[in-house]
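The shown structure was predicted, so the numbers you read here are calculated from the model rather than taken from an experiment. In each ligand, atom 1 is the first atom listed, and ligand 1 is the first ligand listed.
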Amino acid sequence: MGIDPIILAPEGWHAALAALEWQMDLGVTEITGEDPIDRYALPDTLKPTAKAPAAAPAVAVPLDAATTARAAAAAAPTLDALRAALTAFEMCELKRGAKNTVFADGNPAARVLILGEAPGRDEDLEGRPFVGRAGQLLDRMFAAIGLSRTSADPASALYITNVLPWRPPQNRDPTPEEIAMMRPFVERHIELVDPAVIVVMGNAACQCLLGKQGILRMRGQWAESLGRPVLPMTHPAYLLRTPAAKREAWADLLALKGRL
Ligand code: URA
């Protein structure tokens with residue numbers, strides 16, 4: 001069968017390629033059907049019948065996703081229950097495109113909790129936060145001040161989680177709506193882990209806990225959220241792109257070490 005060539009502007013071509021890659025990420029393996037489909041034909045059950053009584057108007061119950069999230073999170077008495085509640089939460093579209101719900105990694109008894117942004121491709125595949133290149137840099141950064149996610153000793157341990165547990169398409173930034181929707185889970189997560197100090201890495205984490213962005217201005221400035229000290233730091237993915245910023249990140253790590 002011949003197919004007419006479609007001429008696309010360069011940006012249209014890139015968008016089409018990105019959309020195709022995203023569908024492949026979702027597991028789509030075929031883009032054509034064997035048989036023609038009449039998409040205008042209604043199934044019999046949907047065809048109007050003369051006898052059918054007029055349907056009662058649907059009652060629109062506006063379900064506020066953040067309210068639902070808050071109730072689900074508040075009802076979780078343990079981290080395992082919170083993980084289950086998060087995995088069962090269906091109101092965030094990102095979940096449909098994700099392979100895994102990425103909950104957390106590290107030692108829940110740690111004094112330091114790191115809040116990142118959202119899983120990337122590696123994290124989505126593995127189901128653990130910060131396992132890709134940015135995660136390897138994060139491990140090296142914190143190892144330099146004696147902290148590790150594999151430590152059994154709470155004094156030298158880390159606990160790591162993200163604002164969003166599902167990978168956004170093409171690793172785009174989380175939207176303010178997504179951050180607000182998932183915030184109740186983050187708050188409950190922090191309550192249950194009960195860390196002495198929180199490190200927020202990047203803008204999404206600042207937005208979630210401190211209600212504002214501007215990480216390049218905010219980094220290194222201690223703040224407070226949920227009754228705990230919060231240290232904003234630049235995200236390791238930014239440090240990979242901007243090695244000159246590592247110097248400031250090192251100063252922030254030393255400030256954290258001093259605080260601990
Ligand atoms: N970046 C994040 O913010 N979190 C991850 O888990 C991975 C990359």
Leu125 side chain near Asn100 side chain, heavy-atom distance below 4.5 Å: no

Proximity to ligand 1 by part of Ala118, non-hydrogen separation under 4.0 Å: backbone

Side-chain ion pair, Glu90 and Lys95, N-O less than 4.0 Å: yes

Proximal ligand 1 atoms for Pro129, defined as those under 4.0 Å from one of its heavy atoms: 6 (O)

Test: Lys99 and Glu126 ion pair at under 4.0 Å: no

Atom 4 (N) of ligand 1 [closest protein heavy-atom partner, distance rounded to 0.1 Å]: Asn162 OD1, 2.8 Å

Thr101 side chain near Trp166 side chain, heavy-atom distance below 4.5 Å: yes

Salt-bridge criterion met for Asp194 and Arg228 (N-O under 4.0 Å): yes

Gly116 N/O to ligand 1 N/O under 3.5 Å: no

Sub-4.0 Å heavy-atom contact, Ala134 with ligand 1: no

Within-cut-off N or O pair, Glu117 and ligand 1, under 3.5 Å: yes

Under 4.0 Å to a heavy atom of His235 - the qualifying atoms of ligand 1, by number: 1 (N), 2 (C), 3 (O)

Sidechain N-carboxylate O distance under 4.0 Å for Glu187, Arg183: yes

